[in-house]
Amino acid sequence: MIPTLAQVCTLNAPFELDVEEYAAGQCRSIEIWLGKLETYLQSHSVDDVRNLLAQHSVQAPVASFQGGLLDSQGEARRVSWEHFEKRLALLQQLNIQTLVVAGDISTASTQQDLDRIQMSLRQAAEAAERHGVRIALEFQSSARIPNNLQTAASMVADVGHPALGLCFDLYHFYIGPSKLEDLGYLSAENLFHVQLCDLAGVPRELATDGDRVLPGDGDFLIEPIVKHLQEIKYAGPVSIELMNPQIWQVSPRSFGEIAMTALRKVLGQASME
């Protein structure tokens with residue numbers, strides 16, 4: 001497994017500072033936040049991004065996130081898909097292998113809706129494959145569908161495209177209706193990305209993304225998750241992903257050092273350089 005930090009954890013910091021200071025904290029793999037990258041590219045080139053990552057010996061295996069693809073219609077769909085295609089081209093240029101796609105579906109209620117969503121998933125996977133990119137579908141606990149691991153895995157299996165897999169977000173796993181036995185739906189073949197966090201002292205019914213804390217600092221049972229990842233021989237990135245406004249006030253350097261220590265601890269890799 002590849003210990004990784006998501007740039008959204010230090011949302012207030014600029015793209016280049018994240019790279020520099022995460023690296024100073026011994027982070028060698030980052031989950032790109034696309035909004036930050038696109039802002040950076042307003043005044044820099046793709047070559048500047050490549051050089052920045054190379055200078056600090058940082059890899060960028062995954063980017064987050066793309067929304068609005070699966071159940072949008074009409075003009076909203078056209079805009080979302082045009083943006084998606086541009087992002088795929090950018091990821092291809094930067095050799096970022098995986099794009100997280102949000103299962104942000106709020107209105108589906110019929111089989112016809114589900115069929116349309118499945119077709120969108122296939123189209124997204126086909127578009128990604130043309131650019132040498134993979135799509136990691138993230139189930140979301142607040143979505144109409146998929147709001148749990150079992151359904152997300154079933155949707156991915158039904159599409160059956162090699163460029164389509166799963167993003168496993170621990171927050172949505174525990175906050176939503178997923179169960180520990182659903183981990184059996186994960187395999188080395190369908191799991192493209194993992195995002196970890198924790199939750200402390202907040203009822204799940206009241207929890208929001210802003211309540212996320214570092215893994216190991218809260219109440220989630222993380223050990224069974226890591227054990228299953230080891231059992232299926234998952235070798236991809238495992239990122240810390242937090243959207244906590246209090247943590248956004250911390251410098252990327254301080255956050256990177258603390259977060260990498262926490263991540264190595266929960267992954268059982270405290271001795272990793």
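- Looking at Leu121 and Val101, their side chains never come closer than 4.5 Å, going by heavy atoms from C-beta outward.
- The CE atom of Met260 sits 8.5 Å away from the OG atom of Ser29 when rounded to the nearest 0.5 Å.
- Among residues two or more places apart in sequence or in another chain, the side chain to side chain donor-acceptor pair (under 3.5 Å) test is passed with Asn148 by Thr151.
- Contacts classified as salt bridge (Lys or Arg N to Asp or Glu O under 4.0 Å) and involving residues 35-59 (residues at least two apart or in different chains) are given here: Asp18-Lys36, Glu38-Arg87, Asp47-Arg50.
- Going from atom CD of Glu75 over to atom OG of Ser80 covers 9.5 Å, rounded to the nearest 0.5 Å.
- Taking each heavy atom of Ile30 and Pro61 in turn, the nearest pair found is O-CD, 3.5 Å.
- With contacts defined as side-chain heavy-atom distances shorter than 4.5 Å, the pair Val194/Leu229 qualifies.
- Taken together through direct or relayed side-chain contacts under 4.5 Å among Ile, Leu, Val, Met, Phe, Trp and Tyr, Ile232 and Val266 form part of one hydrophobic cluster.
- Side-chain atoms of Asp198 come within 3.5 Å of backbone atoms of Gly218 as a donor-acceptor pair (strictly under, hydrogens ignored).
- In this structure, Ser178 contributes its side chain and Tyr174 its backbone to no donor-acceptor pair below 3.5 Å.
- Between the side chain of Asp104 and the main chain of Gly67, no donor-acceptor pair closer than 3.5 Å is present.
- Taking the side chain as every heavy atom from C-beta outward, Ile117 and Ser120 never approach each other to under 4.5 Å.
- With respect to His193, the side-chain contact (heavy atoms from CB on, under 4.5 Å) criterion is satisfied by exactly one of Leu137, Leu99, Val100: Val100.
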Step-by-step side chain to side chain contact (heavy atoms under 4.5 Å, CB included) determination, Phe173 to Phe139: CA-CA 8 Å; Phe173 179 78; Phe139 62 93; 4.1 Å; yes
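- Leu52 and Leu34 fall within a single hydrophobic cluster, where Ile, Leu, Val, Met, Phe, Trp and Tyr are joined by side-chain heavy atoms under 4.5 Å apart, directly or via other members.
- To the nearest 0.5 Å, atoms CG (Leu37) and CD (Gln42) are separated by 10.5 Å.
- Of the possible polar contacts, none joining the Asp158 side chain to the Met155 backbone as a donor-acceptor pair under 3.5 Å is found.
- Applying the side chain to side chain donor-acceptor pair (under 3.5 Å) test to Tyr22 and every residue at least two apart in sequence or in another chain returns Thr10.
- Environment of CD in Gln59: sparse, with no more than 12 heavy atoms of neighbouring residues, nucleotides or ligands closer than 6.0 Å.
- Partners of Glu126 according to the salt bridge (Lys or Arg N to Asp or Glu O under 4.0 Å) rule, which considers only residues two or more places apart in sequence or in another chain, are Arg122.
- By the salt bridge (Lys or Arg N to Asp or Glu O under 4.0 Å) test, Glu129 is found to be paired with no residue, residues two or more places apart in sequence or in another chain being considered.
- In this structure Glu82 satisfies the side chain to side chain donor-acceptor pair (under 3.5 Å) test together with Arg78, sequence neighbours excluded.
- The hydrophobic cluster of Leu17 has no other members, since no ILVMFWY side-chain heavy atom comes under 4.5 Å of it.
- For the pair Lys179/Gln150, no side-chain contact is recorded, criterion being any heavy-atom separation below 4.5 Å from C-beta on.
- For Tyr185, the OH atom counts as loosely surrounded, since its 6.0 Å shell holds 12 or fewer non-hydrogen atoms of other residues, nucleotides or ligands.
- Between Leu69 and Ala124, the shortest heavy-atom contact is CD1-CB, 4.5 Å.
- The side chain to side chain donor-acceptor pair (under 3.5 Å) search around Ser141 returns His172, not counting sequence neighbours.
- With sequence neighbours left out, the ring-ring contact (aromatic ring centres under 6.0 Å, His included) criterion links His228 to no other residue.
- For the pair Asp219 (side chain) and Gly201 (backbone), a donor-acceptor distance under 3.5 Å is present.
- A side-chain donor-acceptor contact under 3.5 Å links Tyr234 to the backbone of Pro237.
- Taking all atoms of both residues into account, the shortest heavy-atom contact from Ile222 to Gly216 is CD1-N, 3.6 Å.
- Under a hydrophobic clustering in which Ile, Leu, Val, Met, Phe, Trp and Tyr are joined whenever their side-chain heavy atoms come within less than 4.5 Å, directly or via other members, Met243 and Ile247 fall into different clusters.
- The line from OG of Ser142 to CG of Asp209 is 8.0 Å long, rounded to the nearest 0.5 Å.
- Residue pairs meeting the side chain to side chain donor-acceptor pair (under 3.5 Å) criterion with at least one member in residues 240-253, sequence neighbours excluded, are Gln195-Glu241, Arg212-Glu241, Ser251-Ser254, Arg253-Glu257.
- Taking the side chain as every heavy atom from C-beta outward, Ile240 and Cys9 approach each other to under 4.5 Å.
- For the pair Thr4 (side chain) and Ile2 (backbone), a donor-acceptor distance under 3.5 Å is present.
- Two residues are said to be in side-chain contact when any heavy atoms from C-beta on lie closer than 4.5 Å; Phe168 and Ile225 meet this criterion.
- Considering all non-hydrogen atoms of both residues, Val156 and Gly165 come closest at CG2-O, 3.6 Å.
- A donor-acceptor pair under 3.5 Å is formed between the side chain of Thr39 and the backbone N or O of Gly35.
- Smallest separation of non-hydrogen atoms from Asn147 and Pro177: O-CD, 3.2 Å.
- Looking only at side-chain heavy atoms (C-beta outward), Phe255 and Leu242 come within less than 4.5 Å of each other.
- The CG atom of Leu70 sits 4.5 Å away from atom CD1 of Ile105, with the distance rounded to the nearest 0.5 Å.
- Nearest heavy atom pair, residue Val202 against residue Leu199, reads O-CD2, 3.7 Å.
- In terms of modelled atom types and a separation under 3.5 Å, the side chain of Arg116 and the main chain of Asp71 share a donor-acceptor contact.
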For Trp33 and Phe65, run ring-ring contact (aromatic ring centres under 6.0 Å, His included): C-alpha distance rounded to whole Å, both residues' side-chain angles, the deciding distance at 0.1 Å, then the answer. CA-CA 7 Å; Trp33 186 252; Phe65 72 96; 5.7 Å; yes
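- Side chain of His161 to main chain of Ala163: a donor-acceptor pair is present (N/O by atom type, distance under 3.5 Å, no hydrogens or angles).
- For Arg130, the salt bridge (Lys or Arg N to Asp or Glu O under 4.0 Å) criterion is met by Glu85, not counting sequence neighbours.
- Phe15 and Val62 end up in different hydrophobic clusters when Ile, Leu, Val, Met, Phe, Trp and Tyr side chains are linked at under 4.5 Å.
- Considering CD of Gln118 and CG of Leu114, their distance stands at 5.0 Å, rounded to 0.5 Å.
- Judged as a ring-ring contact (aromatic ring centres under 6.0 Å, His included), and not counting sequence neighbours, the contacts of Phe84 are Trp81.
- Residues Leu196 and Leu214 are not in side-chain contact: their nearest non-hydrogen atoms beyond the backbone lie 4.5 Å or more apart.
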Quick one: do Leu5 and Glu31 satisfy side chain to side chain contact (heavy atoms under 4.5 Å, CB included)? Show the steps, please. CA-CA 6 Å; Leu5 297 183; Glu31 177 182 331; over 6 Å; no
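- Connection of Ile96 to Val58 is established within a shared hydrophobic cluster, with ILVMFWY side chains joined at heavy-atom distances below 4.5 Å, either directly or through further cluster members.
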